[in-house]
Amino acid sequence: MNILYHLRDISNETDTSSFDCGDDDLNDFLQSDALQNQEDWLSRTHILYSTENLPVGYFTITLDTLHKGRLALSDKIADYPYQKYPAVKLARLAVDRRFQNRGIGKLLMKHFFIAAYTLMKEGGGRFITVDAKNSALGFYQRFGFRAVPSQKNNEIVSMYLDFRKYYQKEWKRGC
């Protein structure tokens, strides 16, 4: 049986009290900070709901920059005159425990990529960044994210994806 989902921005009417992804920081952000950050134009949080209107997962998107020195040599853009590249950041991504291991994370990433593509198409940008917990490194690596070389042994690892390359290779084939 296929479950249908729908995506909505967080709002004053959003009830996130039942959301529990197993990570207190991610739960607290959604329940305490996401709406205020959105109202302050700092980030945008999109919540995926089941047909029963249960919050299944969410992602938060914001703008970022990526310093040239943090990229592998092969990922640098020749003759780029600035020290930082424009980027879109995946600030948060979480799936409720009741829905984990069902492909929801991949579905949220597809929705995130659509939002990131829209931002990049309208305003420029090439890279996507994420600060990943060690337990999530494999998840992001499956999408082609690379760890910033100096960050590989940290508890939180800064990662990036050259979205132009990803788009040309994977996106057009259907992710």
Engineer: Would Y167 and F113 count as a ring pair (Phe, Tyr, Trp, His ring centres under 6.0 Å) here? Give the steps.
Structural biologist: CA-CA 9 Å; Y167 177 83; F113 284 150; over 10 Å; no
Engineer: Apply ring pair (Phe, Tyr, Trp, His ring centres under 6.0 Å) to F145 and F139, showing your working.
Structural biologist: CA-CA 9 Å; F145 282 85; F139 174 79; 8.8 Å; no
Engineer: Using a 3.5 Å cut-off and no angle test, enumerate the donor-acceptor pairs between side-chain atoms of residues 23-31 and protein atoms at least two apart in sequence or in another chain.
Structural biologist:
{"residue": "D23", "atom": "OD1", "partner": "D25", "partner atom": "N", "Å": "2.9"}
{"residue": "D23", "atom": "OD1", "partner": "L26", "partner atom": "N", "Å": "3.0"}
{"residue": "D23", "atom": "OD1", "partner": "K133", "partner atom": "NZ", "Å": "3.3"}
{"residue": "D23", "atom": "OD2", "partner": "K133", "partner atom": "NZ", "Å": "2.3"}
{"residue": "N27", "atom": "OD1", "partner": "C21", "partner atom": "N", "Å": "2.9"}
{"residue": "N27", "atom": "ND2", "partner": "D20", "partner atom": "OD1", "Å": "2.9"}
{"residue": "N27", "atom": "ND2", "partner": "D23", "partner atom": "O", "Å": "3.4"}
{"residue": "D28", "atom": "OD1", "partner": "S32", "partner atom": "OG", "Å": "3.0"}
{"residue": "Q31", "atom": "NE2", "partner": "T16", "partner atom": "O", "Å": "2.9"}
{"residue": "Q31", "atom": "NE2", "partner": "F19", "partner atom": "O", "Å": "3.0"}

Engineer: Determine whether V148 and V157 make a side-chain contact, defined as any pair of heavy atoms from C-beta on separated by less than 4.5 Å.
Structural biologist: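 Result no, sub-4.5 Å side-chain heavy-atom pair not found.
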Engineer: Connecting only ILVMFWY residues whose side-chain heavy atoms lie within less than 4.5 Å of each other, what is the rest of W41's hydrophobic cluster?
Structural biologist: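 For W41, no cluster forms, as it stays isolated from other hydrophobic side chains.
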Engineer: State which residues pass ring-ring contact (aromatic ring centres under 6.0 Å, His included) with H46; sequence neighbours excluded, sorted by chain then number.
Structural biologist: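 Scan of H46 (ring-ring contact (aromatic ring centres under 6.0 Å, His included), adjacent residues dropped) gives F59.
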Engineer: List in chain and number order the residues that pass side-chain contact (heavy atoms from CB on, under 4.5 Å) with N101, two or more places apart in sequence or in another chain; answer none if no residue qualifies.
Structural biologist: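 side-chain contact (heavy atoms from CB on, under 4.5 Å) list for N101, sorted by chain: empty.
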Engineer: If the condition is salt bridge (charged side-chain N to carboxylate O under 4.0 Å, His left out), which residues does D96 pass it with, not counting sequence neighbours?
Structural biologist: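 Scan of D96 (salt bridge (charged side-chain N to carboxylate O under 4.0 Å, His left out), adjacent residues dropped) gives R98.
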Engineer: My understanding is that only residues two or more places apart in sequence, or in another chain, count here; which of them pass salt bridge (charged side-chain N to carboxylate O under 4.0 Å, His left out) with R142?
Structural biologist: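 Counting only residues at least two positions away or on another chain, R142 forms no salt bridge (charged side-chain N to carboxylate O under 4.0 Å, His left out).
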Engineer: Minimum heavy-atom separation for L71 and K76, please, with both atom names.
Structural biologist: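 Shortest heavy-atom contact: O-CE, 3.5 Å.
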Engineer: Check whether Q38 reaches the backbone of I10 with its side chain - one donor and one acceptor, N or O, closer than 3.5 Å.
Structural biologist: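 Yes, the answer is positive, given that a donor and an acceptor are paired below the 3.5 Å cut-off.
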Engineer: Do the non-hydrogen side-chain atoms of F127 and R164 ever get within less than 4.5 Å of each other?
Structural biologist: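 When only atoms from C-beta onward are counted, R164 and F127 do not touch, as no gap falls below 4.5 Å.
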Engineer: Side-chain heavy atoms under 4.5 angstrom apart, residues restricted to Ile, Leu, Val, Met, Phe, Trp, Tyr: same cluster for M120 and I61?
Structural biologist: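 In one cluster with M120: I61, yes.
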Engineer: Could you state the interatomic distance from CZ (R70) to OG1 (T129), rounded to the nearest 0.5 Å?
Structural biologist: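 Here the rounded value is 9.0 Å.
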Engineer: Assigning hydrophobic clusters by single linkage (Ile, Leu, Val, Met, Phe, Trp, Tyr; side-chain heavy-atom cutoff under 4.5 Å), is L137 placed with V130?
Structural biologist: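 The answer is yes; both residues are in one hydrophobic cluster.
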Engineer: Could you walk me through whether S43 and T60 pass side-chain hydrogen bond (donor to acceptor under 3.5 Å, both in side chains), step by step?
Structural biologist: CA-CA 7 Å; S43 63; T60 301; 5.4 Å; no
Engineer: Output all residues satisfying salt bridge (charged side-chain N to carboxylate O under 4.0 Å, His left out) with R146, sequence neighbours left out; order by chain, then residue number.
Structural biologist: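 Partners of R146 under the salt bridge (charged side-chain N to carboxylate O under 4.0 Å, His left out) test: D75.
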Engineer: List the residues meeting side-chain hydrogen bond (donor to acceptor under 3.5 Å, both in side chains) with S18, not counting sequence neighbours, and say none if there are none.
Structural biologist: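 Applying side-chain hydrogen bond (donor to acceptor under 3.5 Å, both in side chains) to S18 gives none.
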Engineer: Working to the nearest 0.5 angstrom, can you tell me the gap between T62 OG1 and N37 CG?
Structural biologist: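 Reported value, rounded in 0.5 Å steps: 8.5 Å.
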Engineer: Report all side-chain donor-acceptor pairs from residues 78-95 shorter than 3.5 Å, counting only partners two or more places apart or in another chain.
Structural biologist:
{"residue": "Y80", "atom": "OH", "partner": "K84", "partner atom": "O", "Å": "3.3"}
{"residue": "Y85", "atom": "OH", "partner": "I77", "partner atom": "N", "Å": "3.0"}
{"residue": "K89", "atom": "NZ", "partner": "D131", "partner atom": "OD2", "Å": "2.9"}

Engineer: Sorted by first residue and then second, give each salt bridge (charged side-chain N to carboxylate O under 4.0 Å, His left out) pair with at least one member in residues 29-48; sequence neighbours left out.
Structural biologist: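 Residue pairs passing salt bridge (charged side-chain N to carboxylate O under 4.0 Å, His left out), neighbours aside: D9-R44.
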Engineer: To the nearest 0.5 Å, what is the distance between CG on D64 and OH on Y160?
Structural biologist: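 Here the interatomic distance stands at 14.0 Å.
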Engineer: List for me each residue that meets ring-ring contact (aromatic ring centres under 6.0 Å, His included) alongside H6, sequence neighbours excluded, and say none if there are none.
Structural biologist: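 ring-ring contact (aromatic ring centres under 6.0 Å, His included) list for H6, sorted by chain: Y49.
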Engineer: With a 4.5 Å cut-off on side-chain heavy-atom distances among I, L, V, M, F, W and Y, is there a chain of contacts connecting L7 to Y5?
Structural biologist: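 L7 and Y5: one cluster.
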Engineer: With the 4.5 Å side-chain cut-off for hydrophobic clustering, are L108 and Y58 part of the same group?
Structural biologist: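 Unlinked, L108 and Y58 end up in two clusters.
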Engineer: Looking only at heavy atoms, what is the nearest atom pair of A132 and M159, with distance?
Structural biologist: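 The answer is CB-SD, 3.8 Å.
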Engineer: Is there a path of hydrophobic side-chain contacts, each under 4.5 Å between heavy atoms of I, L, V, M, F, W or Y residues, that connects F99 with M109?
Structural biologist: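 They do share one cluster, since a chain of ILVMFWY contacts under 4.5 Å joins F99 to M109.
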Engineer: Could you work out, with side-chain hydrogen bond (donor to acceptor under 3.5 Å, both in side chains) as the rule, every residue matching E13, not counting sequence neighbours?
Structural biologist: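 Once residues adjacent in sequence are excluded, the partners of E13 under the side-chain hydrogen bond (donor to acceptor under 3.5 Å, both in side chains) criterion are S11.
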